[in-house]
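Notes for the one structure printed next.
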Number of protein chains: 2
Amino acid sequence: MADNRKPPTMADIARIAGVSLMTVSRAFKPDSLISRETRETVLTTAENIGYVFDSTASNFRSQKSDFVAVTIPAISSPNFADTIGGLADRLASRGLQILLGYTNYHMQDEERLIEQFLRRKPQAIVVTGGRHTERARKLLQNAHMPVIETWDSPSEPIGNYVGFSNAGAVRQMVDHFVAVGYRRIAFIGGDVGRDTRGSDRRMGFVAAMAAHGLDASRLIAAGPPPISALEGAAAMARLLEAYPDTEAVICVSDQSAFGALTECQRRGLTPPTDIGVGGFGNFEIGAVSNPRLTTIDPSSRLIGERTAALILDILDGRPGDNVEIAPALIVRESSR
Amino acid sequence: MADNRKPPTMADIARIAGVSLMTVSRAFKPDSLISRETRETVLTTAENIGYVFDSTASNFRSQKSDFVAVTIPAISSPNFADTIGGLADRLASRGLQILLGYTNYHMQDEERLIEQFLRRKPQAIVVTGGRHTERARKLLQNAHMPVIETWDSPSEPIGNYVGFSNAGAVRQMVDHFVAVGYRRIAFIGGDVGRDTRGSDRRMGFVAAMAAHGLDASRLIAAGPPPISALEGAAAMARLLEAYPDTEAVICVSDQSAFGALTECQRRGLTPPTDIGVGGFGNFEIGAVSNPRLTTIDPSSRLIGERTAALILDILDGRPGDNVEIAPALIVRESSR
DNA sequence: GGGGCTCCTGTTAACGGTATCATCGGGGCT
DNA sequence: AGCCCCGATGATACCGTTAACAGGAGCCCC
């Protein structure tokens, strides 16, 4: 309990416990060769003098950290939070810690984050999406560590990926809408060029409409992503003014879909008969809204878990296979 | 571009650029004593050979990291996400990086996280709430670094705090409800003993009701925190079965309040006349629901910004003052 | 009795930066 | 001229842990 100037080190423990420094070090590694009682003596001594293990020194000497670096667009999105949760839980069992950063949906910020993270020599790096700045791509390629892209199914992956085609997911929704009879269908999303997953969904919408021989020009850009429920509502208002005969709307997220829904109701339009509404993400809000929202479930948590498994596979020298997640269309009362 | 076995170090740069190792080191510190052109030579060389700065070695030698450790109950809560956002943005300007962990509303998990984080020798540690395990308190007290508790106004702070009285915030809501005429008021929260901020709000409810001479026995525990909208709806159903004459309900969060609201509407009760509903947190959902939710705005982002400022004050040797945040009551259409 | 195990412990040398102090050239001042 | 100061650079030691290797004790088996 003595409060000296310097915090105690393993050398102090060694001296007090009457063993060598190396023995102290071994006492802190769970699977190392050391007798039960020696370990107990060491750990007790450590506890007594208030020793705190120095991860920095450990990482430095062994030339590898116990970090896995992860970048996501926004902390506050429930989807990405679920992914992080699955990832963190699975990695924790191996003593790996998440180093989390968010990009604000800016590739430039992502590049900066990646650069910062690489300085820590993480065991692996996980990024969201398959599009990055030129420099970021180069950094990742030269990083000499597992690189996992998530939430997308990139045509030219840097390393591995765990994700799905955002365009394909929206196609499912369009197919459903067309099948139940909607024809004049619109799309509400964020501004193009920032949120690449949102852009992909928009492109998927256009392609799917074209495949059905339908007009795909009803596109509303609601501002920089992520677009909120309020922005979704405002976009819905603009949509109905521009195209009053719109029969259905597909939104880039459940958040915005919920906003669009409330705007419809404010105007006396009752889903699903007056208008069909679809979202994306399977957020809780879509399950409690009235009517509940038709949506796409991207299996956010599963993405995280599979990413963790993939990382562990690669680190253990097993082959790391890309994972194609199959997003599920969930039909609820907001569409026929 | 040569892809040797070992990644290049400062020594390699020094050799190639024809300067000493120490000069290379200085070239990477922004405010160090080095001529403009020497620095440029060094940095260019570094870029050419694909050098990546080793933060671990740097932190190790200088015996201080550029981390600030932060624990929050859950990643997915918009409130904590905003706090993290404010904190991270302000700290980034000083090159400090957030080391984030979540406790799942478990003090035990928090203790484990704190122990893990302290091994990294962060510059400061930020925890959510003012209640911790005995051991966690001790660890923090002995940590020899700034310790900030947030989202609470602890009676016995470990170090400093940036927060508010959760009980006091709820008192404002009760006062408002009573002032506009509600009397038989209930409270919906999570199970007691886990989420201490939620428990504090519940206690604040009971105390405030007592102060008005009103009965405070209508307390519904809706499960382990955080309680979702669906759980809020279920709790509302139970509440109305147990106490059909309830005039108003205060919920521990906007999420649960929104669920409660939908359950009321499902039963044909129209706020604010048939029943009053209040939430907590000023989430977006309360601003887009119909009717919009009366709530408390805890200034989540401000908490993060003030926490960052407090940390920088202390690190710079300035006096660090505790910050009392004043949560604002926002009256909307869900209450009279 | 000796060779070859296994199990445990110790010795030594790093890992890649930075703190610290020394050195050196040149300009301004007395 | 002599002195000091200042900006720029270099030499060296060292941060706390672990990799790698070297024993030594005890045991089994031929």
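By convention in this document, chain letters (A, B, ...) are assigned in the order of the sequence lines, proteins followed by strands, and residues within each chain are numbered from 1.
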Notebook entry, point to check: Rounded to whole angstroms, how far apart are CD on Q63(A) and C1' on dA19(D)?
Noted result: 11 Å
Note to self: Under the ring pair (Phe, Tyr, Trp, His ring centres under 6.0 Å) definition, can you give me all pairs with a residue in residues 73-120 of chain B, not counting sequence neighbours?
What the structure shows: F80(B)-W151(B)
Check: Are D200(B) and R131(B) ion-paired here, with the side-chain N under 4.0 Å from a carboxylate O?
Finding: yes
Margin query: Please find the pair of heavy atoms, one from I49(B) and one from I13(B), that lie closest to each other, and give the distance.
Written below: CD1-CG1, 3.7 Å
Next item on the list: Work out which heavy atom in G129(B) is nearest to a heavy atom in D152(B); give both atom names and the distance.
Entry: CA-CB, 3.9 Å
Check: Starting at NZ of K64(B) and ending at C1' of dC14(D), how long is that distance when rounded to a whole Å?
Finding: 18 Å
Item checked: For atom CD1 of I13(A) and atom P of dG16(D), their distance in whole Å -> 13 Å
Next item on the list: In whole angstrom, give the distance that lies between atom CG of D54(A) and atom P of dT18(D).
Entry: 9 Å
If you restrict it to nitrogen or oxygen atoms, what contacts under 3.5 Å exist between nucleotides 20-28 of chain D and the protein, and what is each distance?
none

Next item on the list: List the atom of L140(B), the atom of I125(B), and the distance in Å for their closest heavy-atom pair.
Entry: CD2-CG2, 3.8 Å
Note to self: Is any side-chain heavy atom of F28(A) closer than 4.5 Å to one of R39(A)?
What the structure shows: no
Checklist line | Test item: side-chain donor near acceptor, H132(A) and E111(A), under 3.5 Å | finding: no
Margin query: Rounded to whole Å, how long is the line connecting atom CZ of R15(A) with atom C1' of dG16(D)?
Written below: 14 Å
Check: If you pin R36(B) and S62(B) to their nearest nucleotides in DNA chain D, which one's is more 5'?
Finding: R36(B)
Item checked: Contact interval (first through last nucleotide) of DNA chain C with protein chain A, 4.0 Å heavy-atom -> dC8(C) to dG16(C)
Check: Counting only heavy atoms not in R197(A), do more than 12 fall under 6.0 Å of its CZ?
Finding: yes
Note to self: dA8(D), OP1 or OP2 - any side-chain N/O from S35(B) closer than 4.0 Å?
What the structure shows: no
Note to self: In this structure, how many angstroms lie between the C1' atom of dT18(D) and the CG atom of L33(A), rounded?
What the structure shows: 15 Å
Note to self: Considering every strand and a 4.0 Å limit on heavy-atom distances, what is the contact class for T38(B): base, sugar-phosphate, or nothing?
What the structure shows: sugar-phosphate
Checklist line | Distance, rounded to the nearest Å, where K121(B) contributes NZ and dT17(D) contributes C1' | finding: 11 Å
Margin query: Does dG10(D) have its OP1 or OP2 closer than 4.0 Å to a side-chain nitrogen or oxygen of T23(B)?
Written below: yes
Checklist line | Those residues that, when tested against E305(A), pass side-chain contact (heavy atoms from CB on, under 4.5 Å) (two or more places apart) | finding: R90(A), R301(A), L302(A)
Show me the side-chain donor-acceptor pairs of residues 56-64 of chain B shorter than 3.5 Å, one per line, residues at least two apart or across chains.
unit_1: N59(B); atom_1: ND2; unit_2: S55(B); atom_2: O; d: 3.4
unit_1: S62(B); atom_1: OG; unit_2: S58(B); atom_2: O; d: 2.8

Next item on the list: Classify the nucleic acid contact of V24(B) as base, sugar-phosphate or nothing, counting any heavy atom under 4.0 Å across all strands shown.
Entry: nothing
Margin query: Nearest whole Å is fine: how far is dT17(D) C1' from F60(B) CZ?
Written below: 7 Å
Next item on the list: Please name the residue in the list V70(B), T307(B), V323(B) that meets the side-chain contact (heavy atoms from CB on, under 4.5 Å) test with I148(B).
Entry: T307(B)
Next item on the list: Take the C1' atoms of the five end pairs on each side of the helix from dG1(C)-dC30(D) to dT30(C)-dA1(D), get both axes, and report the angle to 10 degrees.
Entry: 40°
Notebook entry, point to check: If you check the M10(A) side chain, which of dT9(D), dG16(D), dT17(D) turns out closest?
Noted result: dT17(D)
Margin query: Tell me the closest heavy-atom pair linking D66(A) and G95(A), and the distance in Å.
Written below: CB-O, 3.6 Å
